[in-house]
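Here is the structure we will look at.
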Amino acid sequence: MAKLTKLDDIVSLCKRRGFIFQSSEIYGGLASCYDYGPLGIELKRNVRDSWWKATVRMRNDVVGLDCSILMHPMVWKASGHADKFADLIAECRKCNTRSRVDHLTAEDQEHTEHIDPELAAEKSQNLSDKVCPSCGAVGDFTEPMAFNLMFETSMGANIGDQMKTFLRPETAQGIFANFRNVLDSTRVKVPFGIAQIGKSFRNEVTTKAFIFRTREFEQAELEFFCKPGTDEQWYEHWKQQRYDWYLALGINKDRLRFRDHDPDELAHYAKACVDIEYKFPFGQGDWQELEGIANRTDYDLRQHQRGMRTLNQWYESGGDLSEVNLKDEDDNYHKGPLSFFDDQDNSRYIPYVIEPSAGVDRSTLAFLVDAYDEEEVRGEKRNLLRFHPALAPIKAAIFPLVKKEGMPDIANNICNDLQKYFACSYDEKGAIGRRYRRQDEAGTPFCITVDGQTLEDGTVTVRERDSMEQWRISQDKLLGFLREKLEV
Ligand code: GAP
């Protein structure tokens, strides 16, 4: 079992080996923004692909979608984000630093949701003994105030004709806004899901711990539509599916758990919510949210029906969302444009929604942390990433033992052949032991060496990363051998 490592070790390995870099580093960096390097992008792509495979491709009841990041501003009015997607903050009177009120009490504690500011105001505590994390002043804060986390932007070039809108803070709303389109253009029937992976943006007050909480991040979200009354059963189904996904990709069971939300912690749209938490190596080795699974009821579709009925107010106000009051529902809301006709029992209703919402960057960090290991081999330290083969950025590295006697040509040919099936890398530089170490640190499950014996009998050495076990395999059996081991 890999040891629980320090975050600093991961950050340093990520930079050294080209997994993750600070954004705009040549200009001193941009806080909380990160770039994925050559190995990192392969790893993150594999995380995405594994999610997509399990959530969409392996099921007959889920379809995919890829929506634009910019959406009509009324989407955010109807969803509640324009009015309620806020953190409660207080400003230090000494140094003017703004902090999340919930982070003042316990700095390392993860606050899992952005809560309704009205609710938060009710919960706000006396700040008289709270310490400013920036200057250390005690109890010298302004009254707590709500700070909306959405990034504003404006669209259009003509002065006077510009429209204020937002970068999406979650991908989910693109799915709700397309619910009717998907129903009308495919053969799906409730129960079914719509999945999406894409970037979201939040102007987080406190960013934290490398790629754990950033202002630009990627989400993998599923909105699963079901008949009211069956929602609790689907909630349990998705809880289990999502938990099992992490385990199947090698996450250590001892570092994964569920945590139910308390009623006062629930987001404005949720009837129930559970987090899948991972024991990350920051704070005191704290349990932190990896993914949330929520029962969103019929809240969003109903809100969008109200939004559609209110659109003229937005035009009349010149695009000022604060002037818009969503029209109340009529008694027949369950027959509205975002309802579903169920031909099983000839009923019409607005489906309930179960939403597993994962962070791609946060999962990538968990997979990195979980795979990281150090061990001593013959008196030398070996760093390795014990990635599940499906996640490993490079599946096989191919080496000629020496750069002569035709070995580089044979190794190159093997690499070219295998590359048709999975990511490979060719390396002829340095002593063979060092080449193995480089690949161990990149998490490559197999190394293949062409040596003197290859010239005689056509076999190569295959060495496995974790056990360092070696086999002689004939070249014509190599692809089959690796595909079986890698399950690709
Ligand atoms: N649509 C529901 C939703 O967005 P959330 O709990 O706010 O729910 C879901 O976010 C997941 O997105 C989180 O569990 C986390 O993995 C990821 N996430 C949220 N904010 C993030 C941030 N600032 N940086 C990185 N990942 C974030």
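We count ligands from 1, going down the list as the structure has it; atoms in each ligand are counted the same way.
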For the residue pair Glu232 / Asn295, report whether a side-chain donor-acceptor contact shorter than 3.5 Å exists. no
Does only the side chain of Leu290 get under 4.0 Å from ligand 1, or the backbone, or both, or neither? Count heavy atoms. backbone
Which donor-acceptor pairs under 3.5 Å do the side chains of residues 141-149 make with protein atoms, sequence neighbours left out?
{"residue": "Thr142", "atom": "OG1", "partner": "Glu91", "partner atom": "N", "Å": "2.9"}
{"residue": "Asn148", "atom": "OD1", "partner": "Met150", "partner atom": "N", "Å": "2.8"}
{"residue": "Asn148", "atom": "ND2", "partner": "His81", "partner atom": "O", "Å": "3.1"}
{"residue": "Asn148", "atom": "ND2", "partner": "Ala82", "partner atom": "O", "Å": "3.2"}

Checking side chain to side chain contact (heavy atoms under 4.5 Å, CB included) for the pair Arg306/Tyr333: CA distance, chi angles, key distance, verdict? CA-CA 9 Å; Arg306 296 178 70 199; Tyr333 72 84; over 6 Å; no
Note: Ala172 and Glu223 closest approach over all heavy atoms is CB-OE2, 3.2 Å
Polar-atom distance check: Ala358 versus ligand 1, any N or O pair below 3.5 Å? no
Between Asp361 and Tyr36, does any side-chain donor sit less than 3.5 Å from a side-chain acceptor? yes
Mind listing the closest non-hydrogen atom pair of Val369 and Pro281 along with its distance? CG1-CD, 3.7 Å
Which one holds for His261 and ligand 1: side chain close, backbone close, both close, or neither close, with close meaning a heavy atom under 4.0 Å? neither
For the residue pair Phe201 and Phe151, does the interplanar ring angle fall in the parallel (under 30°), tilted (30 to 60°) or perpendicular (over 60°) class? perpendicular
Taking only non-hydrogen atoms of Glu355 and a 4.0 Å limit, the atoms of ligand 1 in range are 1 (N), 2 (C)
Enumerate the atoms of ligand 1 whose separation from the nearest heavy atom of Glu221 is less than 4.0 angstrom. 1 (N), 2 (C), 3 (C), 4 (O)
Does ligand 1 have an atom under 4.0 Å from some heavy atom of Gln173? no
Heavy-atom contacts under 4.0 Å between Arg213 and ligand 1: side chain, backbone, both, or neither? both
Need the ligand 1 atom indices (1-based, order shown) with element for anything under 4.0 Å from a heavy-atom of Gly359. 16 (O), 17 (C)
Return yes or no for this condition: an N or O of Glu170 is under 3.5 Å from an N or O of ligand 1. yes
Is the ring centre of Phe280 less than 6.0 Å from the ring centre of Phe212? yes
Below a 4.0 angstrom heavy-atom separation, can you tell me which part of Arg202, side chain or backbone, both or neither, approaches ligand 1? side chain
Within 45° of the six-membered ring axis of Trp245 and under 6.0 Å from that ring's centre, is NZ or CZ of Arg242 located there? yes
Ala78 and Tyr299: which non-hydrogen atoms are nearest, and at how many Å? O-OH, 4.4 Å
Please could you name the atoms of ligand 1 that Phe212 approaches to less than 4.0 Å, counting only its heavy atoms? 24 (N), 25 (C), 26 (N)
Ligand 1 atoms nearer than 4.0 angstrom to some heavy atom of Glu291 are 14 (O)
Where ligand 1 meets Gly292 - atom numbers and elements under 4.0 angstrom, heavy-atom basis: 14 (O)
For ligand 1, which atoms have a heavy atom of Glu289 less than 4.0 angstrom away? 6 (O), 13 (C), 14 (O)
State the atoms of ligand 1, each with its element, that fall below the 4.0 Å cut-off from a heavy-atom position in Arg296. 1 (N), 2 (C)
